[in-house]
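Some notes on the structure that comes next.
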Amino acid sequence: MPTTALITGGAGFLGCSLAGRLLARFDRVVALDSLHPQVHPTRSRPAALDDRVELVVGDVTDAATWDDVLAEAQPTVVVHLAAETGTAQSLTEASRHASVNVVGTTAMLDAFSRQRIHPDRIVLASSRAVYGEGPWVDASGTVVLPGQRPHAMLVAGTWDFPGLTPRPTSASRVEPRPSSVYAATKLAQEHVLRAWCLAVGVPPVVLRLQNVYGAGQSPTNPYTGILPLFGRLAVAGEAIPVYEDGRIVRDFVHVDDVARALESAACDLDPVAVEGVPAIDVGSGVPVTIHEVARLVSRRYGAPPPVVTGRFRDGDVRYACAEPSEAYRLLGWQPRVELENGLERLCAWLDRTLSATDRGRGGVA
């Protein structure tokens, strides 16, 4: 029988990178995407999406859309990327995030039930955000989960937890404790998918992604990644503003590396190997401060040094970095693109993409 891969959110920058890889593994690759204007301002097919990929423009929350898609393509494997992202935006647009992330998932599963379709597996792109602040340790080595930093703590400029040192997150050792609406919807997505899959005998594979970046990421959408926004400011000769004291830590993993991890999860992973595994962490495993990445981008363009603003976002975590040993063990995966190399690739893409107007004003919404 012909094989079909279905990628929800398949026209996004990660979907485009993954779709090209899956074309070599499946007879058909179908991308379902709403082409939301926040991500796709012109609402046109991305040039980065391979012409051989069948693009269906539709909303994952709409039952009729799903019935139309499944009437034309019965997926062998599903990679569920479609999501609303953004810690800050989710606080003021909680219904939108819950609708796409949670209801979009249940609408997909309901459609599979109506059409009596049981894919060989469903791969979910979840987020490191589900952990919330993650583990820290005290002077005695005792692991502490300090939880969300309250508003008063941030107003006082107390960015760290006194007496504690942060540690990387691992799904096998750290219990998720979301600290934003977005993160809560991603964790709910995991629970919904796992409950349905285990009930009907479809293997679920959950990958918790760290901060994915790379060419194709929107330089105008402030909710899908900071590095293109940093580049847009720097190319215009502006100083990059950095929140808190500049020492927020993230784990940046290149889109090409993440696409390889998703491909392995979709095609090569033995489902038996992940039975009882809550999720697989995908990241570089290298912690880096936001000030440092801003400095690298500024230097690339000869822009002024980053400016530490002291501003903050409620719900942001202080430290996020993966302990990706399970990805090595289960997927045979490890990152190949080091940060400086990946930033150069991203900046070279921005050089080709940004218009003269963008270069003159640089500003970010």
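Residue numbers count from 1 along this sequence.
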Open item on the list: Hydrophobic clusters here meaning ILVMFWY residues chained together by side-chain heavy-atom distances under 4.5 Å, can you tell me if Ile226 and Tyr243 are in one?
Closed with: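 Linked within one cluster.
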
- [ ] Kindly work out whether a path of hydrophobic side-chain contacts (I/L/V/M/F/W/Y, heavy atoms less than 4.5 Å apart) joins Ile122 to Val100.
- [x]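 Result: yes, single cluster for both.
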
Task: Between Trp196 and Ser113: side-chain donor-acceptor atoms closer than 3.5 Å - done: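 The answer is yes; a qualifying pair exists.
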
Task: Worked verdict on Asp270 versus Arg121 for salt bridge (Lys or Arg N to Asp or Glu O under 4.0 Å) - done: CA-CA 10 Å; Asp270 179 1; Arg121 72 184 66 183; over 6 Å; no

Just by distance, do the side chain of [X] and the backbone of [Y] share a donor-acceptor pair under 3.5 Å?
X	Y	answer
Thr142	Asp138	no
Glu323	Ser170	no
Arg149	Trp159	yes
Thr76	Thr4	yes
Glu133	Arg318	yes
Lys186	Ala125	yes
Gln217	Val212	yes
Ser179	Gly315	yes
Tyr131	Ala171	yes
Trp66	Val60	yes

For [Y], is there an ion pair with [X] - N to carboxylate O distance below 4.0 angstrom?
X	Y	value
Arg208	Glu190	yes
Arg345	Asp256	yes
Arg28	Glu72	no
Arg173	Asp281	no
Asp268	Arg260	no
Arg114	Asp67	yes

TODO: Applying side chain to side chain contact (heavy atoms under 4.5 Å, CB included), run through Leu164 and Val137 and close with a yes or a no.
DONE: CA-CA 5 Å; Leu164 301 179; Val137 296; over 6 Å; no

Is any side-chain heavy atom of [Y] closer than 4.5 Å to one of [X]?
X	Y	result
Leu124	Leu207	no
Arg21	Arg25	no
Val57	Asp33	no
Ser17	Val255	yes
Ile240	Val307	no
Leu154	Asp314	yes
Arg250	Arg128	yes
Val53	Leu22	no

Open item on the list: If I take atom CD from residue Gln189 and atom CG from residue Leu193, how far apart are they, to the nearest 0.5 angstrom?
Closed with: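 Interatomic distance, Gln189 CD to Leu193 CG, rounded to 0.5 Å: 7.5 Å.
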
Open item on the list: If I take atom CG from residue Leu354 and atom SG from residue Cys347, how far apart are they, to the nearest 0.5 angstrom?
Closed with: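 Between atom CG of Leu354 and atom SG of Cys347 there are 10.0 Å.
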
For [X] against [Y], the heavy-atom pair lying closest together:
X	Y	value
Val253	Gly283	CB-CA, 4.0 Å
Leu233	Pro241	CD1-CD, 3.6 Å
Val174	Pro135	CG2-CG, 3.8 Å

Open item on the list: For Trp333 and Tyr328, take the angle between the two ring planes, folded into 0 to 90°, and tell me which bin it lands in: parallel under 30, tilted 30 to 60, perpendicular over 60.
Closed with: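 Rings of Trp333 and Tyr328: parallel, as their planes differ by under 30°.
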
- [ ] Not counting sequence neighbours, list each pair that qualifies as a ring-ring contact (aromatic ring centres under 6.0 Å, His included) and has a residue in residues 24-60.
- [x]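 ring-ring contact (aromatic ring centres under 6.0 Å, His included) check on residues 24-60 returns no pairs.
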
TODO: Decide yes or no on side chain to side chain contact (heavy atoms under 4.5 Å, CB included) for Ile7 and Val30, but give the supporting numbers first.
DONE: CA-CA 6 Å; Ile7 310 173; Val30 178; over 6 Å; no

TODO: Decide yes or no on side-chain hydrogen bond (donor to acceptor under 3.5 Å, both in side chains) for Thr185 and His97, but give the supporting numbers first.
DONE: CA-CA 7 Å; Thr185 65; His97 283 69; over 6 Å; no

Task: With sequence neighbours excluded, residues passing salt bridge (Lys or Arg N to Asp or Glu O under 4.0 Å) with Glu84 - done: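 In terms of salt bridge (Lys or Arg N to Asp or Glu O under 4.0 Å), with neighbours along the sequence ignored, Glu84 is linked to Arg96.
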
Task: Which residues share a salt bridge (Lys or Arg N to Asp or Glu O under 4.0 Å) with Asp50, sequence neighbours left out - done: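 Partners of Asp50 by the salt bridge (Lys or Arg N to Asp or Glu O under 4.0 Å) criterion, ordered by chain and then number, come out as Arg52.
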
TODO: Take Asp59 and Thr65 through the test side-chain hydrogen bond (donor to acceptor under 3.5 Å, both in side chains) and record every step on the way to the result.
DONE: CA-CA 7 Å; Asp59 188 336; Thr65 294; over 6 Å; no

- [ ] Compute the ring centroids of His118 and Phe112, then answer whether they are less than 6.0 Å apart.
- [x]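 Not close enough - the centres of the two rings lie 6.0 Å or further apart.
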
- [ ] Walk me through it: do Tyr319 and Asp251 pass the test side-chain hydrogen bond (donor to acceptor under 3.5 Å, both in side chains)?
- [x] CA-CA 9 Å; Tyr319 184 97; Asp251 178 340; over 6 Å; no

